[in-house]
Amino acid sequence: MIRVVLTDDHKLIRDGLKALLKDEPAIEVVGEASDGDELIGLLKKTAVDVVLLDLNMPGKDGFELTKYIRQHHAGVKVLVLSMLEHERYVHQAIAEGASGYLLKNAGKEELSSAIKLVATGTPYICSNFTIDLLKKTHAPEGHAEQQAAQQPERRELTKRELEVLNLIGQGYTNAEIAEKLFTSKRTVETHRQNLLEKTHTKNTATLIKYAIQNGIIS
């Protein structure tokens with residue numbers, strides 16, 4: 001029996017995952033956590049084989065938690081389950097110690113297969129990324145360099161991303177921004193990640209510095 005802990009700050013997501021896994025005879029959900037502190041507490045008192053982990057978490061994010069698990073619970077495997085569909089997040093998660101990366105649009109069969117593979121020590125990357133990697137591997141020589149050269153160094157920000165950036169610069173939290181823009185906190189988190197990616201910045205501080213230096217916000 002593979003013992004799994006679900007870690008996501010949205011109860012609706014955790015409930016959905018439990019519903020998908022309840023009929024899997026080889027998988028048992030032994031706990032759930034809504035943030036990093038809850039997960040760390042669970043790991044101290046519960047026998048766990050696989051942690052199903054979101055990257056966008058309040059407090060410690062998924063990368064920090066993956067590193068913590070690698071350092072303090074070496075026998076526990078981390079399977080990232082995220083809506084962030086970009087290779088850089090996959091590379092970073094694997095570098096921190098994750099055994100797999102799965103997108104939230106995955107189906108029930110892929111989810112259960114990924115958990116089983118990761119539990120046995122086999123790394124798993126979701127099909128979306130493996131197909132892209134295969135395409136790059138079989139691309140004609142020089143094609144990747146030519147394609148990269150043709151891409152603009154900075155991608156244009158959307159109107160909504162500019163609104164989010166402006167509110168971040170004013171010091172509003174994700175929850176406050178969501179309320180002001182009449183959207184969900186999750187959507188704001190996605191816009192924030194897109195801003196970091198498009199501006200090639202690492203965190204909020206460098207994002208704001210970039211925005212000021214380039215005259216995007218005052």
Side-chain angles (χ1 to χ4, degrees), residues 1-87 89-134 184-187 189-190 193:
M1 183 67 72
I2 302 169
R3 297 160 298 190
V4 176
V5 166
L6 310 176
T7 310
D8 194 292
D9 58 326
H10 290 79
K11 188 177 186 301
L12 188 63
I13 297 293
R14 300 197 306 271
D15 288 345
L17 290 170
K18 283 191 291 186
L20 287 174
L21 296 172
K22 69 176 182 178
D23 295 326
E24 284 291 335
I27 298 172
E28 179 186 7
V29 176
V30 296
E32 55 183 284
S34 61
D35 58 35
D37 291 336
E38 283 189 12
L39 175 61
I40 290 170
L42 263 176
L43 291 174
K44 289 178 179 177
K45 62 184 181 181
T46 307
V48 180
D49 299 306
V50 177
V51 172
L52 206 56
L53 180 64
D54 188 19
L55 291 179
N56 280 331
M57 299 287 294
K60 294 181 178 65
D61 64 23
F63 299 115
E64 293 177 277
L65 290 169
T66 298
K67 185 176 181 180
Y68 171 87
I69 292 170
R70 183 190 67 193
Q71 293 175 342
H72 297 89
H73 302 276
V76 177
K77 307 296 184 183
V78 173
L79 174 59
V80 171
L81 182 63
S82 176
M83 65 185 293
L84 300 176
E85 191 173 357
H86 195 285
E87 285 179 28
Y89 300 116
V90 181
H91 291 305
Q92 186 176 351
I94 299 301
E96 295 295 357
S99 297
Y101 196 105
L102 192 63
L103 292 175
K104 286 187 175 179
N105 61 6
K108 177 182 178 179
E109 289 185 5
E110 187 174 13
L111 173 64
S112 60
S113 295
I115 292 172
K116 293 171 185 176
L117 286 169
V118 165
T120 59
T122 304
Y124 182 86
I125 304 296
C126 68
S127 54
N128 301 59
F129 290 110
T130 52
I131 290 171
D132 288 341
L133 289 171
L134 281 171
S184 68
K185 181 183 172 185
R186 175 71 69 182
T187 299
E189 290 169 351
T190 301
Q193 289 292 344

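Only heavy atoms go into these numbers, but all of them, side chains included; no hydrogens, no water, no symmetry mates.
Within the 4.5 Å cutoff, the side chain of Asn56 has heavy atoms near those of the Leu84 side chain. For the pair Leu52 and Leu102, the minimum side-chain heavy-atom distance is 4.5 Å or more. In this structure, Val29 and Leu17 have side chains that are not in contact, with every pair of non-hydrogen atoms separated by 4.5 Å or more.
The ring-ring contact (aromatic ring centres under 6.0 Å, His included) contacts involving residues 20-54 comprise nothing, where partners must be two or more places apart or lie in separate chains. Every pair passing side-chain hydrogen bond (donor to acceptor under 3.5 Å, both in side chains) that includes a residue from residues 37-50 is listed here, sequence neighbours excluded: Arg3-Asp49, Ser34-Glu38.
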Throw together a table of side-chain donor-acceptor distances under 3.5 angstrom for residues 70-77, partners on residues two or more places apart or in other chains.
residue	atom	partner	partner atom	Å
Arg70	NH1	Ala95	O	3.3
Arg70	NH1	Glu96	O	3.2
His72	ND1	Tyr68	O	3.1

Show me the donor-acceptor pairs within less than 3.5 Å that the side chains of residues 111-121 make with the rest of the protein, sequence neighbours left out.
residue	atom	partner	partner atom	Å
Ser112	OG	Lys108	O	3.3
Ser112	OG	Glu109	O	3.1
Ser113	OG	Glu109	O	2.9
Lys116	NZ	Glu24	OE1	3.2
Thr120	OG1	Lys116	O	3.3
Thr120	OG1	Leu117	O	2.8

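Between Leu55 and Ser82, the shortest heavy-atom distance links the atoms CD1-OG, 3.9 Å. Between Tyr89 and Phe63, the shortest heavy-atom distance links the atoms O-CE2, 3.8 Å. The shortest heavy-atom contact between Ala98 and Val80 is CB-CG2, 4.0 Å. When all heavy atoms of Gly62 and Leu53 are compared, the pair lying nearest together is O-CD2, 3.5 Å. Shown here for Met57 and Lys60, the closest heavy-atom pair between the two residues is CB-O, 3.4 Å.
For Glu32, the side-chain contact (heavy atoms from CB on, under 4.5 Å) partners at least two apart in sequence or on another chain are Leu6, Arg14, Lys18. Partners of Thr187 by side-chain hydrogen bond (donor to acceptor under 3.5 Å, both in side chains), not counting sequence neighbours, listed by chain and number: Ser184.
The CG atom of Leu81 sits 10.5 Å away from the OG1 atom of Thr7 when rounded to the nearest 0.5 Å. Distance check, rounded to the nearest 0.5 Å: OH of Tyr124 to CG of Leu79 gives 9.0 Å. Considering CG of Leu103 and CD1 of Ile125, their distance stands at 10.0 Å, rounded to 0.5 Å.
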Please walk me through it: do Val51 and Leu43 pass side-chain contact (heavy atoms from CB on, under 4.5 Å)? CA-CA 9 Å; Val51 172; Leu43 291 174; 4.1 Å; yes

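Side chain of Gln193 to main chain of Thr190: no donor-acceptor pair is present (N/O by atom type, distance under 3.5 Å, no hydrogens or angles).
The 12-atom threshold is exceeded at NZ of Lys104, counting heavy atoms of other residues, nucleotides or ligands nearer than 6.0 Å.
Using a 4.0 Å cut-off between charged side-chain N and carboxylate O, Glu189 and Arg186 make a salt bridge.
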